[in-house]
Amino acid sequence: MGVIEWATSPFGQDVPIHIAWYLIWVAGIAGLGFLVIHAIYMLYFAKEKEFALSPPVTAALPAKIPRHSFAARAFHWVMAAAMFVLLFTAFLPKVGIQFNWVAYHWIAGLVLTASVIFHIVHATFYMDFWAIWPDRADLEDAWRRTRRFLGRPAELPRKFAKYPLENKLYHAAALVTGMSVILTGVFMMFRVRTALFPRNPYLFGDMTWGMMYVLHGLAGVGLITLVIVHVYFAVRPEKLAITESMLFGSMSREFYLKEHDPRRWVVEPPLPAERRGIADAD
Ligand code: HEM
């Protein structure tokens with residue numbers, strides 16, 4: 001039982017046609033399995049998080065720490081909506097719930113593509129581009145956390161920058177799988193009838209098309225696991241402050257001071273009222 005389904009082309013060549021659909025169940029069970037194991041670990045074994053002391057914050061911080069701008073939140077929720085439509089339209093028919101899914105699928109695919117293009121431009125020119133990539137301190141702290149987890153001596157890890165290492169790694173995994181479905185999906189649109197451009201199934205040979213469908217499917221089932229894990233963490237009680245910031249834009253000062261290092265994620269103190277008036281008028 002392989003992970004790829006094969007067929008014979010008109011020229012007698014064995015060509016891949018798509019992934020074996022049992023991988024949908026593998027991905028779903030992997031996501032749910034992770035969730036159950038993590039929840040048991042957190043309930044019975046995890047100790048309270050410990051961090052090295054960070055210097056006291058002298059500047060007056062606002063009660064609500066701004067975390068996600070309106071544009072960043074709008075991107076996140078548009079992308080999330082497109083992602084759910086894509087997952088349901090792609091995989092429900094494969095598990096026996098039949099409907100005309102292709103048009104809904106590629107339209108959601110274009111919404112996802114447009115939202116990701118927006119995000120890349122926004123993150124490159126208007127956000128702190130490097131905030132989401134692991135840095136040296138993340139790796140050192142991951143090493144310390146691992147040693148402490150194994151009961152070995154190690155210094156306490158520092159508090160996090162804006163994004164903990166786990167979030168950064170998740171972002172990287174979503175980037176790889178997301179770009180894979182988008183790049184392959186845009187080409188796959190030449191295989192179906194759309195109102196946008198003429199169909200051209202001869203753009204590539206059977207082998208190339210097959211590999212493209214396989215990559216689209218592998219990244220697609222990968223996204224099942226990633227989305228399950230993401231939603232699970234979003235609703236975990238200790239992460240609700242982060243989820244709230246994706247809804248309303250900010251998190252409480254208490255949570256910021258508890259988990260984040262003000263040197264690694266610098267938050268400007270609010271302007272005094274009279275300066276604010278000047279700034280608003282700028
Ligand atoms: C969460 C993201 C996505 C998932 C899980 C996903 C999954 C799938 C799956 C499983 C198929 C069936 C392939 C087959 O029969 O071998 C498919 C087909 C297709 N996908 Fe996606 N996809 C995603 C994103 C996209 C995007 C971003 C686009 C376009 C920009 C797209 C365009 C298409 C098209 C046009 C087809 C139909 C191909 C055909 O019937 O010949 N998909 N997708």
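Counting starts at 1 for both ligands and their atoms, in listed order.
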Point-to-point distance, once rounded to the nearest 0.5 Å, from OG of Ser69 to CE of Met127: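 Nearest 0.5 Å value for the OG-CE distance: 6.0 Å.
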Pairs flagged by ring-ring contact (aromatic ring centres under 6.0 Å, His included) wherever residues 134-163 is involved - sequence neighbours left out: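 Checked against ring-ring contact (aromatic ring centres under 6.0 Å, His included) - neighbours excluded - the pairs reaching residues 134-163 are Phe51-Phe160.
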Exam field: side chain Thr89 to backbone Tyr104, donor-acceptor pair closer than 3.5 Å: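 Checked: no pair found.
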Donor-acceptor contact below 3.5 Å, side chain Tyr170 vs main chain Leu226: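 Flag set: sc Tyr170 to bb Leu226 pair under 3.5 Å.
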Quick test: of every protein heavy atom, which one is nearest to [atom], and how far off is it to 0.1 Å?
atom	answer
atom 40 (O) of ligand 1	Val192 CG1, 3.7 Å
atom 16 (O) of ligand 1	His18 CB, 2.9 Å
atom 1 (C) of ligand 1	Met83 SD, 3.1 Å

ILVMFWY network linking Tyr232 to Tyr44, side-chain heavy atoms under 4.5 angstrom: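 Yes: a chain of side-chain contacts under 4.5 Å links Tyr232 to Tyr44.
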Sum of protein N, O or S atoms, each under 2.8 Å from atom 21 (Fe) of ligand 1: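 Considering protein N, O and S only, atom 21 (Fe) of ligand 1 has 2 within range.
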Which of the ligand 1 atoms, numbered from 1, are nearer than 4.0 Å to a heavy atom of [X]:
X	answer
Met189	35 (C)
Thr113	30 (C)
Leu87	5 (C)
Phe91	5 (C), 10 (C)

Ring-face cation contact, Trp101 with Lys94, 6.0 Å cut, 45° max: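 Cation-pi check for Lys94 and Trp101: passes.
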Beyond-backbone contact of Leu165 with Asp141, side-chain heavy atoms, under 4.5 angstrom: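 Not in contact.
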Side-chain heavy-atom pair Met179, Leu175 within 4.5 angstrom cut-off: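 Yes, at least one pair of side-chain atoms sits under 4.5 Å.
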Nearest option to atom 12 (C) of ligand 1, as decided by whichever heavy atom of Trp101, Phe84, Phe88, Tyr213 sits closest: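 Looking at heavy atoms only, the winner is Trp101.
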Option set Trp21, Trp209, Phe190, criterion heavy-atom distance to atom 15 (O) of ligand 1, minimum: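 Heavy atom nearest to atom 15 (O) of ligand 1 belongs to Trp21.
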Which residues share a side-chain hydrogen bond (donor to acceptor under 3.5 Å, both in side chains) with Asp138, sequence neighbours left out: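 Here the qualifying residues are Lys168, Arg264.
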Under the ring-ring contact (aromatic ring centres under 6.0 Å, His included) test, residues paired with Phe255 that sit two or more places apart: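 Here no residue qualifies.
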